[in-house]
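Both backbone and side-chain heavy atoms feed into the values below; hydrogens, waters and symmetry mates do not. Bear in mind the structure is a predicted one, so any value in this text is a computation, not a measurement.
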2 protein chains.
Amino acid sequence: MSTPAQRPDRRVSRTRRLLREALTSLILEKGYDAVTIEDITRRADLGRTTFYLHYRDKEHLFLESIEQSADELARQIVQIPAETLFNENGEGAGLPIALVFEHAAQNADLYRAMLRSEGSIKATSRLRELTIQYALEFTRRWWERRGLTSEPHIPLEVIAQFFAASLLGTLVWWLEAGMPYPPRQMAAFFRRLVLDGLRSVTESH
Amino acid sequence: MSTPAQRPDRRVSRTRRLLREALTSLILEKGYDAVTIEDITRRADLGRTTFYLHYRDKEHLFLESIEQSADELARQIVQIPAETLFNENGEGAGLPIALVFEHAAQNADLYRAMLRSEGSIKATSRLRELTIQYALEFTRRWWERRGLTSEPHIPLEVIAQFFAASLLGTLVWWLEAGMPYPPRQMAAFFRRLVLDGLRSVTESH
DNA sequence: ATAATAATAGACAGACTGTTTATGATTATA
DNA sequence: TATAATCATAAACAGTCTGTCTATTATTAT
């Protein structure tokens with residue numbers, strides 16, 4: 001997070017990358033639980049002991065992938081200028097959500113591996129945490145920006161949690177179904193559902 | 001599902017119940033992954049080999065708990081008369097959702113164990129499946145009842161999936177947070193969010 | 001009362017984990 | 001390009017868990 005970045009030994013970054021890639025592909029093939037350390041190192045073409053030089057266990061390796069991917073996405077979202085970030089219509093409306101779906105599409109394998117709940121330990125859990133955290137901050141800023149000082153009828157925490165859960169759930173379904181709609185359209189669906197609710201979908205004939 | 005119900009040997013139902021209870025409590029204590037078969041049988045005060053007389057592995061035991069609980073809830077919901085089931089206001093409005101939150105509150109331990117994503121294999125996955133399936137059917141009937149024949153702007157599948165994900169997510173958060181609001185109120189929060197959307201929450205001053 | 005069924009302890013091979021040790025290979029840097 | 005530091009490696013290890021089998025005892029339904 002804030003080390004002076006003594007650039008790591010080339011062997012180290014290579015090894016770590018190979019291990020991450022091996023784990024992701026193996027999860028998709030046989031499911032998280034079934035993957036052994038030896039599977040990983042065999043696919044990465046590394047000695048089994050090498051694994052323990054870098055990670056305590058499978059979980060730590062996977063968590064690294066998650067944090068890395070979350071950082072990458074967060075960096076993209078942060079770049080959106082504050083003026084357009086909260087636009088509900090017109091330019092830039094829904095941009096953060098669109099970025100999420102596009103980032104997921106570009107890293108579909110990793111996302112699938114991360115979100116597939118069939119045996120993901122605290123990996124999925126961590127992803128949830130990160131999303132809720134982000135949603136909470138976003139919701140809070142949104143609220144403030146509207147000059148609303150009084151508490152909403154529904155606690156902010158509930159709102160943020162609702163947002164995170166529906167976003168992650170929608171992502172899971174979309175990825176597992178083979179991304180049947182393009183990212184932009186999926187983002188639009190989601191935005192409509194989460195902002196205007198189910199009722200609005202049936203009301204507009 | 002349709003066996004003539006040759007009532008099982010008393011020893012069998014006792015053993016199975018003890019195993020289910022032991023697993024649930026152990027999951028809450030050390031997390032799904034960390035629970036071994038021996039842990040389970042020791043807590044249930046049964047021989048380890050006995051376990052294998054009834055279940056192939058931990059997963060099958062847990063899946064049985066899930067199916068059983070889902071059946072119980074479904075039986076309650078099915079009892080709601082069709083007239084009030086789809087009421088959006090007035091009598092019976094939101095009853096199914098309220099039932100879910102109340103059932104979760106009454107079986108909080110089991111629900112926590114089921115929903116805690118930290119290592120739940122395909123258990124959580126199965127729960128998702130069941131919920132989506134139910135949400136899909138419900139949404140379809142709702143749609144039909146409104147006499148709407150044309151497809152909605154958003155595919156029904158997306159809607160059902162959205163509903164299921166937000167419901168399960170909200171449940172998880174609520175249970176893990178120690179049920180900070182009573183079931184009825186939580187159900188009302190959820191109903192408001194899912195039916196009218198986030199925007200409505202900030203618009204009503 | 002008794003035949004059928006269920007539970008048990010004990011022993012087993014096989015798989016995986018995480019650590020240690022001693023050795024060989026690659027890298028950064030001067 | 002020499003060399004000291006770092007990294008990767010194989011081999012061997014004890015420890016844990018799994019799932020199966022066998023022979024024996026206990027409980028149940030009728």
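- Side chain of B/Asp109 to backbone of B/Arg112: no donor-acceptor contact under 3.5 angstrom is found.
- Checking side-chain atoms of B/Thr41 against main-chain N and O of B/Glu38 turns up a donor-acceptor pair under 3.5 Å.
- Counting all heavy atoms, side chain and backbone alike, A/Arg43 lies closest to A/Ala22 at CG-CB, 3.8 Å.
- Comparing C/dT8, C/dT27, D/dT28 by their closest approach to the side chain of B/Arg10 singles out D/dT28.
- In the region residues 13-20 of chain A, proximity to DNA chain C at under 4.0 angstrom, judged on heavy atoms, holds for none of the residues.
- Aromatic ring centres of A/Phe189 and B/Phe162: separated by at least 6.0 Å.
- Over its length, the helix from C/dA1-D/dT30 to C/dA30-D/dT1 turns its helix axis by 50°, as judged from the five terminal pairs at each end, rounded to 10°.
- Between A/His54 and D/dC7 there is no side-chain polar atom (N or O) within less than 4.0 angstrom of OP1 or OP2.
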Practice problem: Assign a letter to each nucleotide of nucleotides 18-27 of chain D from its 5' end: B, base within under 4.0 Å of a protein heavy atom; S, sugar-phosphate only; -, no contact. | Solution: BBBB----BB
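- A/Trp174 and A/Phe190 have their aromatic ring centers separated by at least 6.0 angstrom.
- In summary, B/Glu144 and B/Arg140 do not engage in a salt bridge, as defined by a charged side-chain N under 4.0 Å from a carboxylate O.
- Using a 4.0 Å heavy-atom cutoff across all strands shown, A/Leu53 reaches at least one base atom of the nucleic acid.
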